[in-house]
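Inspection log for the structure reproduced underneath, given as structure tokens.
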Amino acid sequence: MHSHIRKLHQLADNSSRLIIGLMSGTSLDGLDIALCRITGAGTTSRIELLEFTTTDYDEIYRQRIRSVFSRREVDLQQVCLLNPWIGRLHGQMVKDALKRWRIPAEEVDLVASHGQTIFHAPRSQHGLDDYPNGTLQIGDGDHLACQAGIITLSDFRQKHIAAGGEGAPLAVYGDYLIFSSQSQNRVLLNMGGIANFTYLPASMQAGEVFSSDVGPGNTLMDAFVQQQFPSLTYDRDAAIARAGRTNLPLLEALKDHAFFARKLPKTTGPELFNLDYLHQAQRRSHTQALTDQDVMATLNRFSADTIVGALRQCEGKLQDYHLYASGGGWHNPLLMDNIREQLPEVRIHSTEDLGIHPDAKEAVLFAVLANECVAGGQVSFSNPAEGIPNVTMGKVSFYD
Ligand SMILES: Nc1ncnc2c1ncn2[C@@H]1O[C@H](COP(=O)(O)OP(=O)(O)OP(=O)(O)O)[C@@H](O)[C@H]1O
Ligand SMILES: CC(=O)N[C@H]1[C@@H]2OC[C@@H](O2)[C@@H](O)[C@@H]1O[C@H](C)C(=O)O
């Protein structure tokens, strides 16, 4: 038996594993790095978040990714070169974080890397019947493993598609294993660039669990701020949006898209929700001359309304639930106010109340998926009727 397989076998046999989960999301803000001790697997998983940091990306990273991000026509050489370049950069960021935490790389069993999504193409968006759903994350796991010196699992979304899903949201697997509660019905709402939620019934019945993207979280607000205020990457504390007023004709035009009428589950991305989407809505509503503040206030309200609208769309299936928010949108006070105002009957918390920092949740998810790939399988979780296939996910990269 090759020593690599023996090591993997040993990891799987251990009662717990030290796993670093990595998430680099559509906001291009930075690499989320979560060091987790995971004991057991499946529904007996116990997660302890030991360390968490977000290593901010510099302008070089953002410019290089933006040149190939959510674009139909790109420089294929640039994509070819970014794949190893991101893998090595993420590997170095892991090493730097471990150094700061004074943890030797040898003590870490696995890295679970999401990579960087550069294009997401569910059939509902590409419309080509003779093609499957598609999604592409770069930041190659072999390069990351060699740079970090740690066995790395990566490219999780492909197996989800291979098994009939759209490659997202994957949060549902981790949400079910970590956050299910027999005392509460729960909605786990993640507001990153794109907003998505998972419903977890107190019954713990997998057949009642469902999950979906619902529309833009921060992505449209970020894109507009970055265009109009080049020194900014986002509307910190909603200062710009708070200085404006929602424009109802623009809001209605933004909401007027087939995506919102589509049944759940569904997925999307900045391939749809981008500045062209905003400009088309402004043309249709003759609101091109609005102030930047009014546009930001309207985009903020658009994200809130589409999130609440998706929850209302599922009212028959959502019973008296607690909502636990995560992702950067939790830090946007106006977005949270706009949501709370429309959901007065819902108790709204952050995942901090469940022991997981709201910024760390997605990175922790990938650590859980890696743990399932290596040590899981005893208790399968799936709900094929809701586009949640029963699969293990992740490709394994050894470092030598
Ligand atoms: N203090 C704040 N005020 C307003 N918005 C904030 C604040 N802090 C973070 N955000 C928002 O959160 C975003 C980052 O969120 P997050 O890291 O969850 O996104 P992501 O993981 O890249 O997205 P996705 O989950 O779609 O891949 C920022 O770009 C910004 O829009
Ligand atoms: C293709 C892709 O990267 N999708 C992301 C994005 O960011 C939020 C939402 O859209 C979600 O569907 C997904 O990430 C989270 C981690 C998920 O898979 O659950």
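For this chain, numbers begin at 1 and follow the sequence in order.
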Ignoring hydrogens and angles, tell me if any N or O in the side chain of [X] forms a donor-acceptor pair with the backbone of [Y] under 3.5 Å.
X	Y	value
Asn218	Met191	yes
Arg340	Ile348	no
Asn332	Met336	no
Glu166	Thr267	yes

Does [X] come within less than 4.0 Å of [Y], counting only side-chain N to carboxylate O?
X	Y	result
Lys361	Asp175	yes
Arg284	Glu252	no
Glu51	Lys99	no

If you measure only the distance, is there a donor-acceptor pair under 3.5 Å linking the side chains of [X] and [Y]?
X	Y	result
Ser154	Thr152	no
Tyr57	Ser24	yes
Asp276	Gln280	no
Arg88	His143	no

Could you point out which residue of [options] forms a side-chain contact (heavy atoms from CB on, under 4.5 Å) with [X]?
X	options	value
Gln116	Leu82, Asn83, Leu28	Leu28
Val187	Leu311, Thr198, Leu200	Leu311
Phe302	Leu254, Asn338, Leu278, Ile307	Leu254

Smallest separation among heavy atoms of [X] and [Y], with atom names:
X	Y	answer
Pro169	Asp213	CG-OD1, 3.5 Å
Ala41	Gly376	CB-CA, 3.8 Å
Leu98	Ala105	CD1-CA, 3.9 Å
Gly174	Leu365	N-CD1, 3.6 Å

Chi angles and distances behind the salt bridge (Lys or Arg N to Asp or Glu O under 4.0 Å) call for Asp337, Arg301: CA-CA 10 Å; Asp337 287 350; Arg301 179 71 187 277; over 6 Å; no
Criterion salt bridge (Lys or Arg N to Asp or Glu O under 4.0 Å) on Glu107 and Arg102, from CA distance to verdict: CA-CA 11 Å; Glu107 290 183 13; Arg102 293 188 171 77; over 6 Å; no
Ring-face cation of Lys317 near Phe210 (centre distance under 6.0 Å, axis angle within 45°):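 That pair qualifies as a cation-pi contact.
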Cation-aromatic face contact Lys266/Phe259, 6.0 Å, 45 degrees: yes
Path from Val74 to Ile86 over hydrophobic side-chain contacts below 4.5 Å: yes
Phe119 reachable from Tyr277 in the ILVMFWY side-chain graph, under 4.5 Å edges: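 Different clusters: Tyr277 never reaches Phe119 through Ile, Leu, Val, Met, Phe, Trp or Tyr contacts under 4.5 Å.
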Crowding at CZ, Arg62 (>12 non-hydrogen neighbours, <6.0 Å):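 Result for CZ/Arg62: enclosed.
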Interatomic distance, Met221 atom CE to Asp235 atom CG [nearest 0.5 angstrom]: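 Those atoms lie 8.0 Å apart.
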